[in-house]
2 protein chains.
Amino acid sequence: MDVQTISDEELRRLPVLTALSEEQLGRVRRGARLVQLVEGEHLFEHGQKAERFFMLRDGRIKLYRLSPEGDEKVIEIIRPGQSFAEAVMFMEGKRYPVSAQALVRSELVAFDNATFLQILRESVETCFRVMAAMSMRLRARVNEIEALALQNATLRLVNYLLGEVPENAGDTAEIRLPAPKNVIASRLSVQPETLSRILHQLSDKGLITVQGRTITLHDIPALRRYGGLA
Amino acid sequence: MDVQTISDEELRRLPVLTALSEEQLGRVRRGARLVQLVEGEHLFEHGQKAERFFMLRDGRIKLYRLSPEGDEKVIEIIRPGQSFAEAVMFMEGKRYPVSAQALVRSELVAFDNATFLQILRESVETCFRVMAAMSMRLRARVNEIEALALQNATLRLVNYLLGEVPENAGDTAEIRLPAPKNVIASRLSVQPETLSRILHQLSDKGLITVQGRTITLHDIPALRRYGGLA
DNA sequence: GACTGAAAATGACCCGTCTCAAGTTTCCGG
DNA sequence: CCGGAAACTTGAGACGGGTCATTTTCAGTC
């Protein structure tokens, strides 16, 4: 399996590659490599020099930070179709600010930063797309900071669940957690025990049903009121 | 007092304006306005449509979020020379993700987003500077998330104080808090009472001396060991 | 230099979440 | 289909930081 076999169409599905010409896309592809990871394998580590950014094709990647004591905080769980680490090439030092590890066997495309920077110089349109992507992430991080500072564990969980609900959903939805509960717990900055208890409480109130990684939300409007968000 | 009287030099000190031609800078200036705020006055509110971004010339601006219950989380305290809200023009919806309020009488330059976007289309170099600025902020936010998730109140305070130390400082430094302690407390996601207590504890240990808003760090290496950061 | 309201400090108590220690269930590889 | 490890749940107890109430300090100001 080789990068060359990936269709233009698939690559262009990435917002930051959408606006590229045939020729530019060709260059990007030539600089790219296909990467396969087994469960638990690391893609990069915090502090490592960044030479590539990525698109996940299949599997699941966890971005996280480790404290000196070894405590882990999951910053984000990447799913197929998402790109990540595009912003690192603009940081001074160009070092990954987080570590990335495969939660399950995964396949990704690794794009070369140098090549992409070259193309950015030729395509203002693509610059705009990169800026749009970065601003989205920036806003997401601010939301996360607010959540950590102003919301308790239950609120954070409820809002997280609501964020997992598909756009077109009605008053009820069934969602599947993108990772084991202990990873979700870290993503929410809560201990696994606490997550388990909160899930139980919400079940008791009849708001949700939990079956392994599958969670059914029985009354989304009620949960929204609970979460108190737009 | 009028925007026209601001020197090119002062404007170019802003990284995102450094690379502009004489003519482009002229256009930016023509789209800009000078804004004066008295203490407590708001520059914009969370959710408001964003038509401008800003450079602070004098004073101090606090960027913050409010919970539905009215609790406040200070995201950042802006100081003279800094620009902010440049990323908002790329967000979908183009609404400010935070509120901005003057902590003291302040003066700022308000740049027109539409004008600036036009210039970005002409200057890839400026796009790169915007991306660099955004990536810095992104990393800062990730650091903040880690701090909230993995560090206790004392650690957050120590690291905050260390962040205030000038580059050229030796083993000791005197710093001045950029805002009243209750604002710093919110910035650190701690109650004012708790901040007061922690400050007191660090004094007791002889690590710092507190005199109003002025804090003397007596042993920066020891504080670094304490904070446990690079 | 006394007056006043805001900011800060202090004490007592409380609560949400963590920690530690067992269970229990689920999921795989053989 | 079995055995073992990992994931998850549950209970008991501890603790960091929050809350509330009160006092002290300080910056202006008349």
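Letters A, B, ... mirror the listed sequences (proteins, then strands); counts begin at 1. As the structure is a computational prediction, the values presented were derived from the model and not from experiment.
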(Q) Taking Arg137(A) first and then Glu86(A), would you say they form a salt bridge - that is, a charged N and a carboxylate O separated by under 4.0 Å? (A) yes

Q.
Is it the case that the base of dC8(D) and the side chain of Glu193(A) share a donor-acceptor contact (distance under 3.5 Å, atom types as modelled)?
A. no

Q) Between atom CD1 in Ile198(B) and atom C1' in dT10(C), what is the gap in whole Å? A) 15 Å

Q) Quick one: do Lys94(A) and Glu51(A) make a salt bridge, cutoff under 4.0 Å? A) no

Q) Can you check whether Thr194(B) has a side-chain N or O nearer than 4.0 Å to OP1 or OP2 of dG17(D)? A) no

Q: Salt-bridge test for Glu39(A) and Arg105(A): reply yes if a basic N is under 4.0 Å from a carboxylate O, no otherwise.
A: no

Q. For Lys181(A) and dA6(D), is the shortest distance between a side-chain N/O and OP1 or OP2 below 4.0 Å?
A. no

Q.
Can you measure Asn152(A) atom CG to dC14(C) atom P for me and round it to whole angstrom units?
A. 21 Å

Q.
Measure CD/Gln201(A) against P/dG11(D) and give the value in whole Å, please.
A. 12 Å

Q: Looking only at side-chain atoms of Ser196(A), point me to the closest of dC18(C), dG18(D), dT10(D).
A: dT10(D)

Q.
Can you tell me if His200(A) touches the phosphate of dT9(D), counting only side-chain N or O atoms and a distance under 4.0 Å to OP1 or OP2?
A. no

Q) What is the distance from CG of Leu148(B) to P of dT17(C), rounded to the nearest Å? A) 15 Å

Q: Using atom CD of Gln191(B) as one end and atom P of dG17(D) as the other, report the distance to the nearest whole Å.
A: 12 Å

Q) Rounding to a whole Å, what distance do you find between Gln211(B):CD and dA9(C):P? A) 12 Å

Q) In terms of the angle between their ring planes, are Tyr96(B) and Phe54(B) parallel, tilted or perpendicular, with boundaries placed at 30° and 60°? A) tilted

Q. Between dA6(C) atom P and Leu103(B) atom CG, what is the distance in whole Å?
A. 17 Å

Q: By nearest nucleotide on DNA chain C, pick out whichever of Glu39(B) and Arg197(B) is the more 5' one.
A: Glu39(B)

Q. CD/Glu72(A) to CG/Leu150(B) distance, rounded to the nearest 0.5 angstrom?
A. 9.0 Å

Q. For the side chain of Ala153(B), counting heavy atoms from C-beta on, which of dA8(C), dG16(C), dG17(D) is nearest?
A. dG17(D)

Q. Over how many whole Å does the gap from Arg213(B) atom CZ to dT25(D) atom C1' extend?
A. 15 Å

Q) Which nucleotide in the set dC18(C), dA7(D), dA8(C) lies at the smallest distance from any side-chain heavy atom of Asn182(B)? A) dA8(C)

